[in-house]
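Atom set for the values below is all heavy atoms of this structure, side chains included, hydrogens, waters and symmetry mates excluded.
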Amino acid sequence: MKLGLILLLISLKAHSSDLSAPQLAVERYFQYFNAKDIESLNGASGQPFTLIIGGQITKWDRYGDAVDFAGLEKSGWSYSRIHRNDLVYQDDMTAMVNINFSRFDATDTIISTSDVIYLLVNRRGSWMLKSGYVKGNLTLGK
């Protein structure tokens, strides 16, 4: 698993120069998620944070209130990896990024793959995830 995470970080560095600032913000967000760093996830996301998963809208005061890493680990999750990261739209204040990613278990086997469009907002020069639109079903461990 550690080898997989190291390769993931190397691959992010290899193609990061081709990505826009909002796309890099999403990549950084996934790094925080894989590190289970709630404080950094909260700092990288707008408040409140909303998710639309399979048509159901949920809203939390902070992203950290939405995720349960112990629950994710019980489902087999070990880490996540972005496969595709496309900028859909960007202006001075907002951006949309379309990603496809997979969740992996400790043996580097894919346990789920999802498509998500993230809405980001620019706050004082920093791109923050504000909302996610998930096609299909996705759990945050709760």
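When every heavy atom of G132 is checked against every heavy atom of F49, the shortest pair comes out as N-CZ, 4.4 Å. Shown here for S80 and R103, the closest heavy-atom pair between the two residues is OG-CG, 3.5 Å. Residues R62 and Q47 come closest through the heavy atom pair CG-NE2, 3.7 Å. The nearest pair of heavy atoms linking N42 to Y63 is OD1-N, 3.3 Å. In terms of heavy-atom proximity, N98 sits nearest to V88 at CB-CG2, 3.6 Å. When all heavy atoms of Q90 and L87 are compared, the closest pair comes out as OE1-CD2, 3.5 Å.
Taken together through direct or relayed side-chain contacts under 4.5 Å among Ile, Leu, Val, Met, Phe, Trp and Tyr, L120 and V67 form part of one hydrophobic cluster. Note on I57: it clusters hydrophobically with I117, by side-chain heavy-atom contacts below 4.5 Å among ILVMFWY residues. V134 and F30 fall within a single hydrophobic cluster, where Ile, Leu, Val, Met, Phe, Trp and Tyr are joined by side-chain heavy atoms under 4.5 Å apart, directly or via other members. Hydrophobic clustering of Ile, Leu, Val, Met, Phe, Trp and Tyr side chains at less than 4.5 Å, counting indirect connections, keeps F33 apart from Y133. Linking ILVMFWY side-chain heavy atoms closer than 4.5 Å, directly or via other members, places M96 and I99 in two distinct hydrophobic clusters.
In this structure, the separation between CG on D37 and OH on Y32 is 7.5 Å, given to the nearest 0.5 Å. One finds the CD1 atom of I111 at 11.5 Å from the CG atom of D108 (value rounded to the nearest 0.5 Å). N85 CG to S20 OG: the interatomic distance, rounded to the nearest 0.5 Å, is 7.5 Å. Of the inter-residue distances, the one linking D65 atom CG with T58 atom OG1 reads 11.5 Å to the nearest 0.5 angstrom.
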If you apply the rule side chain to side chain contact (heavy atoms under 4.5 Å, CB included), what do you find for W77 with T139, and how did you get there?
CA-CA 11 Å; W77 174 83; T139 181; over 6 Å; no
Output, in order, the C-alpha distance, side-chain angles, deciding distance and verdict of side chain to side chain contact (heavy atoms under 4.5 Å, CB included) for V116 and L51.
CA-CA 10 Å; V116 181; L51 275 175; 5.6 Å; no
Evaluation steps, side chain to side chain contact (heavy atoms under 4.5 Å, CB included), between F101 and L138
CA-CA 11 Å; F101 76 98; L138 181 70; 4.0 Å; yes
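T109 places no side-chain N or O within donor-acceptor distance of the main-chain N or O of D105, the cut-off being under 3.5 Å. T50 places no side-chain N or O within 3.5 Å of a backbone atom of S131 that could act as its donor or acceptor partner. Not one N or O on the side chain of K135 forms a donor-acceptor pair closer than 3.5 Å with the backbone of G54. Side-chain atoms of K130 never come within 3.5 Å of backbone atoms of Y118 as a donor-acceptor pair (strictly under, hydrogens ignored).
When side chains are defined from C-beta on, N34 does not count as touching R81, because their heavy atoms never get closer than 4.5 Å. T113 is listed as a side-chain neighbour of N100, based on a closest heavy-atom distance under 4.5 Å.
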Show me the donor-acceptor pairs within less than 3.5 Å that the side chains of residues 69-76 make with the rest of the protein, sequence neighbours left out.
from: E73; atom 1: OE2; to: K36; atom 2: NZ; distance (Å): 2.5
from: S75; atom 1: OG; to: L72; atom 2: O; distance (Å): 2.5

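Note: W127 and Y29 fail the aromatic proximity criterion, with ring centroids not under 6.0 Å apart.
Note on ring orientation: taking the six-membered ring where Trp is involved, the planes of Y79 and F104 are parallel (angle under 30°, cut-offs 30° and 60°).
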